[in-house]
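Below you'll find the structure, written out as structure tokens, and then a few comments.
In the text below, chain A, chain B and the rest are named by the order of the sequence lines, each starting its count at 1. What you see is a predicted model, and the numbers here were worked out from it, not measured in a lab. Basis for what follows: all heavy atoms, side chains included, without hydrogens, waters or symmetry-related copies.
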There are 2 protein chains.
Amino acid sequence: MPDSDHAIAATFAPHDHQQCAHRALDEAAARLTEQGARLTPVRRRTLEILLESHRAMGAYEVLDRLAAEGFGRQPPVAYRALEFLVTHGLAHRLQRLNAFAACLHPGHDHHPAFLICRSCDKVAEAAAAPIRDALTAVAAQGGFRVERATIEALGLCATCAAEGVA
Amino acid sequence: MPDSDHAIAATFAPHDHQQCAHRALDEAAARLTEQGARLTPVRRRTLEILLESHRAMGAYEVLDRLAAEGFGRQPPVAYRALEFLVTHGLAHRLQRLNAFAACLHPGHDHHPAFLICRSCDKVAEAAAAPIRDALTAVAAQGGFRVERATIEALGLCATCAAEGVA
DNA sequence: GCGATGGCGTTACTTTATTACATTCAGGTT
DNA sequence: AACCTGAATGTAATAAAGTAACGCCATCGC
Ligand SMILES: [Zn+2]
Ligand SMILES: [Zn+2]
Ligand SMILES: [Zn+2]
Ligand SMILES: [Zn+2]
């Protein structure tokens, strides 16, 4: 992940989010073309909805939006689109929240660590490599081979801290 | 956590589980006495059920067991007992699995990392300190203050690997 | 054009979790 | 002993999250 030192701050700090979302959508489309997968209307719209903010959204929250815009109104509609996005590395699932967030760095580290601000609810992706290394090392001492890791932190972002949130 | 190098292997390898479970239950009772909390029949039985194996159990699986033994048969019965155990550090909740596992080291590291074997389904607790340190450091670079971390690894334990599971 | 495939929509259902409220029980007070 | 009180337990009802099964239609390779 390039700019990994700044990616976290960039998520939480005020920024030109129009551009931020637009770039992520473009990257996503590019990656799908590479992979020969189709970015259909529901899928595209689902990704756009996730990209509207840096928050994670529940499947039913996404579904309500899709239904309001003329797409299907049954759970599988949302779950399928979300699963597609996750499978293709364009979105992530947050276990703690039973929710989904758009990936802002498609193509880089597909299994990042997540930083969830308990005040503003925004979610940032952090480089997981050093953390996963530590985990892998601890596990290896017990003979355990790590294949997939879920790393999610709850805490307070710099912006909220600066605003005096305890 | 003492014996942290061996705690993982001890969970997955064959061992005197009677004693293993008994010791955990005794420690749990001792801790509750310290804290002035009550280990009521449902709570005790819930912990015993979790301690029967090193697997994580869903709330409804626990509930079925409790109901069969004459306790209430509505979800809150299980959820309340489980929440009590989690709150008092006697059990852990696994986010990936929507399930609960007894804590084998009550009083030591109350927020361990979890190693979940995809073959035998056993769950081991690993020292989280080095992992959390790496996470905290990465987050700090982005101005994020970590308060709680969820660290869960899916993989293969030494015992299953030795048995030739791919 | 035509069959195969993938995507989308539906209905129906399962699993997981919470809210609200009545009842019981241990502990201390009078 | 009678009484109060708060914690613990039970219930019913409902919400929230997720999946299975099936039909229709569009797109694509032929
Ligand atoms: Zn943005
Ligand atoms: Zn924040
Ligand atoms: Zn054991
Ligand atoms: Zn195993």
>> Taking only side-chain N and O atoms of B:Tyr60, does any of them lie within less than 4.0 angstrom of OP1 or OP2 on C:dT16?
In response: no
> Can any side-chain N or O of A:His111 pair as donor or acceptor with the backbone N or O of A:Ala129 at less than 3.5 Å?
Replying inline: no
> Is the shortest side-chain N to carboxylate O distance from B:Glu48 to B:Arg44 below 4.0 Å?
Replying inline: yes
>> Quick one: does any side-chain atom of B:His17 pair with a main-chain N or O of B:Leu51 as donor and acceptor, under 3.5 Å?
In response: yes
> At what distance, to the nearest 0.5 angstrom, does CD of A:Gln18 lie from CD of A:Glu52?
Replying inline: 9.5 Å
> How close or far is atom P of D:dA17 from atom OH of A:Tyr79, stated in whole angstroms?
Replying inline: 7 Å
> Given atom NE2 of B:His88 and atom C1' of D:dA8, what is their separation to the nearest angstrom?
Replying inline: 13 Å
> How long is the line joining CG of B:Leu82 and P of C:dT18, in whole Å?
Replying inline: 11 Å
>> Whole angstroms only, please: what is the CE-C1' distance between A:Met57 and D:dA16?
In response: 15 Å
> Which ones in residues 91-103 of chain B lie close to DNA chain C, meaning a heavy atom under 4.0 Å from one of its atoms?
Replying inline: B:Arg93, B:Asn98
> Separation of B:Glu83 atom CD from D:dA7 atom P, in whole Å?
Replying inline: 14 Å
> Got a donor-acceptor contact below 3.5 angstrom from the B:Glu152 side chain to the B:Ile116 backbone?
Replying inline: no
> Can you tell me how far the CD atom of A:Gln19 sits from the CG atom of A:Asp26, to the nearest 0.5 Å?
Replying inline: 10.5 Å
> Could you write nucleotides 7-12 of chain C as a row of B, S and -, 5' to 3', where a protein heavy atom under 4.0 Å of any base atom gives B, of only sugar-phosphate atoms gives S, and otherwise -?
Replying inline: SBBBB-
> Whole-Å distance between C:dT14 P and B:Glu61 CD?
Replying inline: 18 Å
>> If the threshold is 4.0 Å, N to carboxylate O, is there a salt bridge linking A:Glu27 and A:Arg23?
In response: yes
>> Could you report the tightest heavy-atom contact between A:Arg55 and A:Ala101, atom names first, then the distance?
In response: O-CB, 4.2 Å
